[in-house]
K.L.:
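Before I ask anything, let me first share the structure, which is written out below as structure tokens.
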Amino acid sequence: MGHKFSLVLSRQITDEESVTLQEAGFADAAFATDSLPTNADVAVTKVDFDDTVSPSLAEAIESALEAVQKVPDLSVPGLSVPAVPKETPAGDSDVLVGEVVDGSAVGDEAPENKVKAKKRGAKKASAAAGEAADQA
């Protein structure tokens, strides 16, 4: 899978500038006419990339930005990177691993008192839910 992103250039480019960019690293890029995101009346060139050579997305973007500098009076007012799902290595999960600590490390209340307080809170929540159901 390549690194996909798009650059919006500051203006439309000429055929000669397109050749310059292709020689500078845009060989596999797709060029299209678009409008400036901040002003729909301004026509610009949008370049879509699917870089399979660069080791990281950051390096792929940096390479593209360096290539743009080879064309005088051309800049990049827009960059778009599609969302990519997180890859989780096999065996990893989103569950955090922790350890149990004694009550004195948690607070000044003894652990058995905290359990009782939680039970009282649960009873109050249960009673409140029952009252709400009765009123409905």
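No experiment lies behind these values; they were computed from the predicted model shown.
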K.L.:
Please check if the side chain of Ser6 supplies one atom and the backbone of Asp48 the other of a donor-acceptor pair under 3.5 Å.
P.N.:
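Checking the backbone N and O of Asp48 against the side chain of Ser6, no donor-acceptor pair under 3.5 Å is found.
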K.L.:
Could you tell me if the side chain of Ser35 sits less than 4.5 Å from the side chain of Val42, heavy atoms only?
P.N.:
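In short, these two side chains do not touch, never coming nearer than 4.5 Å.
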K.L.:
Taking all atoms of both residues into account, what is the closest heavy-atom pair of Leu21 and Val68, and its distance?
P.N.:
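In this case the closest contact between Leu21 and Val68 is CD2-CA, 3.9 Å.
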K.L.:
Does either side chain, that of Asp15 or that of Ser18, offer a donor lying less than 3.5 Å from an acceptor on the other one?
P.N.:
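Absent: no donor and acceptor within the cut-off.
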K.L.:
Heavy-atom distance under 4.5 Å between the side chains of Arg11 and Glu17, does that happen here?
P.N.:
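The answer is yes; the side chains approach within 4.5 Å.
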K.L.:
Other than Val53, which residues form its hydrophobic cluster under the rule that side-chain heavy atoms must be closer than 4.5 Å?
P.N.:
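Its cluster mates, by chain and number: none.
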K.L.:
State, to 0.1 Å, how close Pro77 and Ser10 come at their nearest heavy-atom pair, and which atoms those are.
P.N.:
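Looking at all heavy atoms of both residues, the shortest contact is CD-N, 3.5 Å.
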K.L.:
Quick check on the hydrophobic clustering: are Leu57 and Val8 connected, directly or via other members, by side-chain heavy-atom contacts under 4.5 Å?
P.N.:
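Shared cluster, no.
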K.L.:
Nearest 0.5 Å, please: how far is CG in Asp50 from NE2 in His3?
P.N.:
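Going from NE2 on His3 over to CG on Asp50, the span is 9.5 Å.
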K.L.:
For a quick test of reading the model, state the closest non-hydrogen atom pair linking Lys70 to Pro72 and the distance between them.
P.N.:
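Closest pair (atom of Lys70, atom of Pro72, distance): O-CD, 3.7 Å.
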K.L.:
For the residue pair Ile13 and Leu74, establish whether any side-chain heavy-atom pair is separated by less than 4.5 Å.
P.N.:
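Sidechains of Leu74 and Ile13: in contact.
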K.L.:
Going only through I, L, V, M, F, W and Y residues with side-chain contacts under 4.5 Å, is there a path from Val44 to Leu65?
P.N.:
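No, Val44 does not connect to Leu65 through the hydrophobic network.
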K.L.:
Measure the CG-CD1 distance between Asp51 and Ile61 for me, rounded to the nearest 0.5 Å.
P.N.:
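Between atom CG of Asp51 and atom CD1 of Ile61 there are 9.5 Å.
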K.L.:
I'd like to check Thr33 versus Gln12 (side-chain heavy atoms, cut-off strictly below 4.5 Å). Are they in contact?
P.N.:
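Contact flag for Thr33/Gln12 side chains = yes.
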K.L.:
Determine the minimum heavy-atom distance between Gly2 and Thr52, stating which atoms define it.
P.N.:
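Closest approach of Gly2 to Thr52: CA-CG2, 3.9 Å.
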K.L.:
Which pairs, with at least one residue in residues 7-32 and sequence neighbours excluded, count as a ring-ring contact (aromatic ring centres under 6.0 Å, His included)?
P.N.:
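Those involving residues 7-32 are Phe26-Phe49.
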K.L.:
Is there a chain of hydrophobic side chains (I, L, V, M, F, W, Y, each step under 4.5 Å between heavy atoms) that links Leu36 to Leu9?
P.N.:
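Different clusters.
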K.L.:
Give a yes or no on whether Asp73 atom CG has more than 12 heavy-atom contacts from other residues, nucleotides or ligands under 6.0 Å away.
P.N.:
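No, not enclosed.
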